[in-house]
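Order of the sequence lines fixes the chain letters, A, B, ..., with proteins taken first and strands second; residue numbering starts at 1 for each chain.
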Number of protein chains: 2
Amino acid sequence: MVTLHYSPGACSLGLHILLREVDADFELERVLLAQGENLTPEYRRINPAGRVPAIQEADFFLTESQAIYAHLSAKSNHDVFLAHNLRERARAFEMTAWLSSTVHIAYAQLWRPERFVSADSDHSPIVRYGEQLISDHYAQIEQRLTPTQYIAGDEYSFADTYLFVFYRWGGRIGLNMKKEFPKWTLWSERLLERPAVQEAMYVEGITLFGLVERLQFDRREPA
Amino acid sequence: MVTLHYSPGACSLGLHILLREVDADFELERVLLAQGENLTPEYRRINPAGRVPAIQEADFFLTESQAIYAHLSAKSNHDVFLAHNLRERARAFEMTAWLSSTVHIAYAQLWRPERFVSADSDHSPIVRYGEQLISDHYAQIEQRLTPTQYIAGDEYSFADTYLFVFYRWGGRIGLNMKKEFPKWTLWSERLLERPAVQEAMYVEGITLFGLVERLQFDRREPA
C-alpha cells in the first residue's frame, strides 16, 4: 500500500494519474498548499522541504517526483514504465528530468519568486522572465510532439502523466493553449479520454483549466 | 560503447566517475564550456540545449544527468546501482533529483544569472541569494551524512558520484569545506581513495578544488 501526499492540481497530479493507470493499491492524503498545510510540523516530518508530492510505504517516505517515478518503475512491469523499450524509457526519464529541473523552475519564478531573491528585492523581473521562459519551453514541447505520438515516442508512458500537469498549468496562467499549441492540445485530448486521468481530476476537484467550486485557492497556486 | 560528452569539472564529472566505477566500455568527448564549445552547431546536434552531460550510443543521444543515471541503472547489475536494495536505490534517486533541481539551480543563479532575468536587469540580487541558498543546501547535506555512511545509506552508489561534483564546487566558490562541512569532508576523503575518482579527475585535468595548469577557464566556469 502506497500513500500519495498531494495537493489538487500541483505537480503531484502526474503521480496520482500514474497510480491509477497501473491500478496500484494506494490511498491519497491531501495537503492543501494554498492553506499552508505543507508547512505544518506534521507534514514537515514527511517532507522537511514542505513540498508535494511525497509517497509513503509503511515507514518509508520518498520525495522528489523523479525519484518516485524511478522507484515505481523499479517495482512494476506495467507497460507505462517502458521496461520493454529501454530507449523510449530513457527518453521518458529525460523528459521528466527536463520538466522538473527546467520548466518547473520557470513556474517557480512565476509563483514563488521569493525562492530566487531575498524578500526585500524586486520580484517583478524574476516573474516577467519566468513567463518568457515558459513560452520558450512550451514552444519546444509543441515542436517535439506529433499528432499521434506520446512525449517519449510511440507509447504512452509515465512521462505523459507528468507532462499533463504542465499543459494544465499553461491554461491556468492564461495561455491560449488550444490556439498556440495545437499538437500539444491534440495530445491532451487523447489523455483526457483515459479513465485514470478523468478519475484523478475528479477526485482532486479540478477541471482542465479550472477548479471545482468547492475548493478555494489563492490565485498563485498551481491548482 | 558509450560516448560521454563532458566538460572538465562540470556536473558531467559524476557520470564520468560512474562509467569508470562500473568499468564501462566508454570514450570521452570533451566540450569546453569555457570556450563555448557547447554552443557550436555541431554540439547543438547532440544536445540542442547546449548543456553537458550528454551520452551517445550509436545513433541514440541522451541528455539530462537524471535520465542518464536511470538509463545506465536499467542496463547494469553493478552494485553501485543498488538494484538489490530498492529503498536505498530510491534514496539515491531522491538525492540526484534534489541536487539537480534544487542545488544545481542555486549554482546557476551564481554562474548563469542571465538564465533567470532579462539581460538588462540587475543580476546581483540573483547571485547573492544563490550564495545563500547554496549555504543552506550544504548545511542540509552536512546534517544528513554520517562519518561512515554514503549519501543514500550504507552503500556507495551513483548518487555519491554526483554529490562529489557539488563538494568540489563548494571549494571552487571559496567555501571552507573542511571547516564548515567536516562530515562531508570525511566522505570526500573516502571518495578520493577510489581509483575511479582519481582517474576521472586526472583525465579531466582537475584537482579537488582547482585545475591543472594547462587548462584555462573563465572564472565563472564550474571546472
Exercise for review: Tell me, yes or no, whether the heavy-atom count around B/Q143 atom CD, taken from other residues, nucleotides or ligands under 6.0 Å, exceeds 12.
Suggested key: no

Exercise for review: Please step through side chain to side chain contact (heavy atoms under 4.5 Å, CB included) for the pair B/S101 and A/E64, ending with a clear verdict.
Suggested key: CA-CA 9 Å; B/S101 64; A/E64 299 285 342; 3.6 Å; yes

Practice item. With a 4.5 angstrom heavy-atom cut-off, could you sort out which part of A/S100 is near chain B: side chain, backbone, both or neither? Key: both

Practice item. Please name the pair of heavy atoms, one in B/R87 and one in A/E57, separated by the smallest distance, quoted to 0.1 Å. Key: NH2-O, 3.6 Å

Review point. Chain B heavy atoms under 4.5 Å from A/Q109: which part of the residue, side chain, backbone, both or neither?
Key: side chain

Review point. Hey, what do you get for OG (A/S65) to CZ (B/F93), rounding to the nearest 0.5 Å?
Key: 14.5 Å

Review point. B/L62 versus chain A, heavy atoms under 4.5 Å apart: side chain, backbone, both or neither?
Key: both

Point to revise | Close side-chain approach of B/F60 and A/R91, heavy atoms under 4.5 Å | key: yes

**Study point:** Region of A/R89 in contact with chain B, defined by heavy-atom distances below 4.5 Å
**Key:** side chain

Practice item. Using modelled atom types only, decide if a donor and an acceptor are shared between the side chain of B/E94 and the backbone of A/A67 within a distance under 3.5 Å. Key: no

Point to revise | Pick from A/L86, A/T102, A/V127, A/I68 with the largest number of heavy-atom pairs that fall under 4.5 Å of chain B | key: A/L86

Review point. At a heavy-atom separation under 4.5 Å, does B/S118 approach chain A through its side chain, its backbone, both, or neither?
Key: both

Study note, to complete from the structure: Honestly, the part of A/L133 sitting under 4.5 Å from a heavy atom of chain B is side chain

Point to revise | Segment of A/R115 engaging chain B (4.5 angstrom heavy-atom cut-off) | key: backbone

Revision key, fill the gap. Scored by heavy-atom pairs under 4.5 Å with chain A, the best of B/S121, B/A70, B/P48 is B/A70

Check your understanding: How about A/N176: does its CG atom have over 12 heavy atoms from other parts shown lying under 6.0 Å from it?
Key -> yes

**Study point:** Contacting moiety of A/I126, where chain B heavy atoms sit under 4.5 Å
**Key:** both

**Study point:** Nearest-0.5 Å distance that lies between atom OH in B/Y69 and atom CD in A/Q66
**Key:** 15.0 Å

Review point. Do B/E114 and A/Y129 pass the side chain to side chain contact (heavy atoms under 4.5 Å, CB included) test, and can you show the C-alpha distance, the side-chain angles, and the key distance before you say yes or no?
Key: CA-CA 10 Å; B/E114 69 277 8; A/Y129 202 68; over 6 Å; no

